[in-house]
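Below: the structure, in structure tokens.
The shown structure was predicted, so the numbers you read here are calculated from the model rather than taken from an experiment. When reading the values below, keep in mind they use all heavy atoms of this one structure, side chains included, and skip hydrogens, waters and symmetry mates.
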Amino acid sequence: METISAEIFTLTYGSMVRQLIADYEDVEEVNKQLDKMGFSIGQRLIDEFLAKSKTQRCSDFREAAEKVAKVGFRMFLNTTAAVTNWNAEGTECSLILEDNPLTDFVELPEALSQLKYSNLLCGVIRGALEMVNMDVECTFVRDVLQGDDVYEMRLKLLSSSPETYPFKDDD
């Protein structure tokens with residue numbers, strides 16, 4: 001798989017975030033735009049993920065979360081995440097990132113303390129899972145840039161529907 005320099009990727013992402021801050025001037029709107037952009041990226045990345053990872057269909061949300069954490073993050077960001085803190089119903093979990101390459105070289109000024117700098121990742125996860133019929137909510141609950149000890153995203157399955165085919169097999 002082709003790769004690009006991690007430093008160039010990180011600096012390009014930082015430039016994009018900086019431009020969003022200049023364009024919107026409202027941190028909450030920047031957070032929304034990052035999520036929206038990530039959602040569109042996720043809708044397109046899922047095709048590449050399915051084609052190149054050669055993984056089997058996920059049977060449930062738990063398996064999908066594991067594949068995002070172990071295969072998806074490794075494939076696209078060269079890192080992995082731990083899947084923890086499942087609720088009793090198996091519909092909510094946390095992804096704890098070992099490393100977040102988007103935040104290399106980044107320090108947030110006090111004026112941007114509410115910025116969810118890596119919110120693009122939440123959008124990517126939502127967009128990708130929507131394309132495989134899982135509607136999820138994804139939010140950062142802990143962020144090293146905000147003074148926390150880890151990067152933690154909380155995933156919540158809102159709905160899931162089985163895949164339907166517009167045709168019948170004539171076996």
Side-chain angles (χ1 to χ4, degrees), residues 1-3 6 9-10 13 28 31-104 106 114-169 171:
M1 190 169 156
E2 286 185 43
T3 60
F9 175 71
T10 301
Y13 181 75
E28 281 306 311
N31 292 337
K32 288 177 189 174
Q33 290 301 315
L34 288 170
D35 182 74
K36 184 178 175 182
M37 291 168 68
F39 186 81
S40 295
I41 292 168
Q43 288 181 311
R44 288 159 182 79
L45 274 185
I46 191 67
D47 289 332
E48 185 172 349
F49 172 81
L50 294 171
K52 292 185 177 179
S53 69
K54 296 181 175 47
T55 61
Q56 298 298 317
R57 168 182 289 278
C58 295
S59 59
D60 58 11
F61 180 61
R62 183 176 294 266
E63 190 177 342
E66 287 290 336
K67 284 190 181 177
V68 166
K70 304 295 186 220
V71 182
F73 278 113
R74 169 70 61 206
M75 181 183 279
F76 295 111
L77 292 175
N78 199 29
T79 191
T80 58
V83 183
T84 62
N85 302 327
W86 283 96
N87 68 352
E89 298 81 28
T91 58
E92 289 186 46
C93 67
S94 291
L95 298 181
I96 310 287
L97 287 168
E98 294 176 2
D99 181 37
N100 185 349
L102 295 180
T103 61
D104 291 345
V106 176
Q114 298 303 309
L115 179 65
K116 295 178 182 177
Y117 187 83
S118 301
N119 215 32
L120 183 98
L121 296 177
C122 289
V124 168
I125 292 169
R126 283 187 329 99
L129 291 178
E130 181 179 281
M131 297 306 290
V132 293
N133 301 320
M134 289 186 189
D135 184 22
V136 299
E137 183 179 283
C138 182
T139 55
F140 265 94
V141 292
R142 293 194 293 169
D143 190 335
V144 173
L145 294 177
Q146 305 290 342
D148 297 314
D149 56 340
V150 295
Y151 299 98
E152 178 182 352
M153 289 182 277
R154 190 77 184 154
L155 290 176
K156 179 179 181 181
L157 179 66
L158 302 175
S159 67
S160 178
S161 59
E163 196 166 345
T164 57
Y165 296 98
F167 56 86
K168 292 184 180 183
D169 287 334
D171 293 349

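- By the 6.0 Å contact criterion, NZ on Lys36 is open, its count of non-hydrogen atoms from other residues, nucleotides or ligands being 12 or less.
- Checking Arg154 against Thr139 by side-chain atom types alone, no donor-acceptor pair falls below 3.5 Å.
- Here the side chain of Asn31 pairs a donor or acceptor atom with the backbone of Lys116 at under 3.5 angstrom.
- Contact record, Ser118 with Asn100: OG-ND2, 2.9 Å, taken as the closest heavy-atom pair.
- Looking only at side-chain heavy atoms (C-beta outward), Leu158 and Val136 stay at 4.5 Å or farther from each other.
- Partners of Asp35 under the side-chain contact (heavy atoms from CB on, under 4.5 Å) rule, at least two apart in sequence or in another chain, are Asn119, Cys122, Arg126.
- Judged purely by distance below 3.5 Å, without hydrogens or angles, the side chains of Asp148 and Gln146 never pair a donor atom with an acceptor atom.
- Other residues, nucleotides and ligands contribute over 12 non-hydrogen atoms within 6.0 Å of the NZ atom of Lys70.
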Go through the steps to decide whether Phe9 and Phe76 satisfy the test ring-ring contact (aromatic ring centres under 6.0 Å, His included), and finish with yes or no. CA-CA 11 Å; Phe9 175 71; Phe76 295 111; over 10 Å; no

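- In this view, Asp47 satisfies the side-chain contact (heavy atoms from CB on, under 4.5 Å) rule with no residue, not counting sequence neighbours.
- Screening residues 45-67 for ring pair (Phe, Tyr, Trp, His ring centres under 6.0 Å) gives Phe61-Trp86 as the qualifying pairs, with residues at least two apart or on separate chains.
- Side-chain atoms of Asp143 never come within 3.5 Å of backbone atoms of Tyr151 as a donor-acceptor pair (strictly under, hydrogens ignored).
- The only option from Thr84, Thr80, Val83 that meets the side chain to side chain contact (heavy atoms under 4.5 Å, CB included) definition with Ile96 turns out to be Thr84.
- Rounded to the nearest 0.5 angstrom, Ile41 CD1 and Leu34 CG are separated by 9.5 Å.
- Residue Ser94 is tested with Val150, Asn85, Leu155 for a side chain to side chain contact (heavy atoms under 4.5 Å, CB included); the sole match is Asn85.
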Stepwise, does the salt bridge (Lys or Arg N to Asp or Glu O under 4.0 Å) test hold for Glu137 with Lys156? CA-CA 5 Å; Glu137 183 179 283; Lys156 179 179 181 181; 5.2 Å; no

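- The CE atom of Met134 sits 12.0 Å away from the OG1 atom of Thr91 when rounded to the nearest 0.5 Å.
- In this structure, Thr10 contributes its side chain and Pro101 its backbone to a donor-acceptor pair below 3.5 Å.
- To the nearest 0.5 Å, atom CG of residue Leu97 and atom CZ of residue Arg142 are 11.5 Å apart.
- Here CD of Glu130 is found 12.0 Å from OG of Ser160. Values are rounded to the nearest 0.5 Å.
- Atoms NZ and CG, from Lys67 and Leu129 in turn, are 12.0 Å apart once rounded to the nearest 0.5 Å.
- Here the CZ-CG distance, from Phe39 to Leu120, works out to 12.5 Å after rounding to the nearest 0.5 Å.
- Residue Arg74 forms a side chain to side chain contact (heavy atoms under 4.5 Å, CB included) with just one option from Leu77, Val71, Asn78, and that option is Asn78.
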Please step through side-chain contact (heavy atoms from CB on, under 4.5 Å) for the pair Asp149 and Val144, ending with a clear verdict. CA-CA 6 Å; Asp149 56 340; Val144 173; over 6 Å; no

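- Nearest heavy atoms, Phe73 versus Ile125: CZ-CD1, 4.0 Å.
- Nearest heavy atoms, Met153 versus Cys138: SD-SG, 4.1 Å.
- Remark: the Thr79 side chain and the Asp99 side chain contain no N/O donor-acceptor pair separated by less than 3.5 Å.
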